[in-house]
Amino acid sequence: MTPTLMNTYDKLLANIGRDRTPDENTKELVFTLAKIIDEERTLQDIIDREGMVYETQGDKGQKYIKSRPEYIELQRLRDKKRAYIKALGVSSAEVEDPDFQ
């Protein structure tokens, strides 16, 4: 486990632990959510540097603007993150934490 992942995991688990003692299933969900958040941050850094789209040329010389694969994956991850947050039963107060956004 990377230090960043452990830091995210520890913060998320502490947030959950304020309301209840997390069982093993909750800890697994939190661990997976931490991985999603860290991957989301990595993808967001790429998109911030390179943009959401790129230009390519077709076989007949036409230009196409396409979404970056990283941007598509970021959208998918954000949907997945919302599902994990919902599964964890995170309260609205916890959602204000940047790690739950």
Side-chain angles (χ1 to χ4, degrees):
M1 222 183 303
T2 65
T4 305
L5 178 58
M6 272 311 289
N7 186 33
T8 303
Y9 173 75
D10 291 338
K11 283 170 48 174
L12 291 171
L13 200 55
N15 287 341
I16 297 285
R18 282 184 274 176
D19 295 332
R20 61 188 181 278
T21 303
D23 61 12
E24 287 304 310
N25 291 333
T26 302
K27 287 180 181 178
E28 282 186 35
L29 286 172
V30 170
F31 180 76
T32 304
L33 179 59
K35 290 177 92 170
I36 290 169
I37 289 170
D38 285 343
E39 188 174 344
E40 177 186 34
R41 289 175 181 157
T42 300
L43 291 171
Q44 186 64 57
D45 287 343
I46 293 168
I47 291 164
D48 289 345
R49 269 193 328 270
E50 299 179 21
M52 296 183 296
V53 297
Y54 65 98
E55 190 175 289
T56 188
Q57 198 166 18
D59 56 352
K60 296 178 183 171
Q62 67 276 34
K63 290 184 181 179
Y64 292 106
I65 304 233
K66 294 186 174 184
S67 293
R68 285 195 179 286
E70 296 88 355
Y71 180 65
I72 294 166
E73 181 65 12
L74 180 62
Q75 291 173 318
R76 190 189 68 76
L77 274 177
R78 287 185 173 152
D79 290 339
K80 196 173 182 181
K81 182 170 78 168
R82 278 190 286 279
Y84 272 85
I85 289 170
K86 185 177 179 181
L88 286 166
V90 176
S91 71
S92 58
E94 290 166 327
V95 174
E96 295 302 317
D97 186 307
D99 284 327
F100 284 109
Q101 296 179 0

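Below, each value reflects all heavy atoms present in this structure, side chains not excepted, and no hydrogens, waters or symmetry copies.
Under the rule for a salt bridge (charged side-chain N to carboxylate O under 4.0 Å, His left out), the partners of Glu73 that lie at least two apart in sequence or sit in another chain are Arg76. Every residue two or more places apart in sequence or in another chain was checked for a side chain to side chain donor-acceptor pair (under 3.5 Å) with Gln57, and none qualifies. Under the rule for a salt bridge (charged side-chain N to carboxylate O under 4.0 Å, His left out), the partners of Lys27 that lie at least two apart in sequence or sit in another chain are Glu24. Applying the side chain to side chain contact (heavy atoms under 4.5 Å, CB included) criterion to Arg78, with sequence neighbours excluded, gives Glu40, Gln44, Leu74, Arg82. In terms of the side chain to side chain contact (heavy atoms under 4.5 Å, CB included) criterion, residue partners of Arg68 (sequence neighbours excluded) are, by chain and number, Glu50, Tyr54, Glu70, Tyr71.
The closest side-chain heavy-atom distance from Leu29 to Asn25 is not below 4.5 Å. Glu39 is listed as a side-chain neighbour of Leu77, based on a closest heavy-atom distance under 4.5 Å.
Each salt bridge (charged side-chain N to carboxylate O under 4.0 Å, His left out) pair with one or both residues in residues 56-65, not counting sequence neighbours, appears once here: Glu55-Lys63.
Using a 4.5 Å cut-off between side-chain heavy atoms of Ile, Leu, Val, Met, Phe, Trp and Tyr, with links allowed through other members, Met52 and Leu43 fall into the same hydrophobic cluster.
To the nearest 0.5 Å, atoms NZ (Lys66) and CD1 (Ile72) are separated by 9.5 Å. Taken from CG in Asp45 to CZ in Arg41, the straight-line distance is 10.0 Å, to the nearest 0.5 Å.
The residues Asp38 and Lys35 are annotated as not salt-bridged, no charged nitrogen and carboxylate oxygen being separated by less than 4.0 angstrom.
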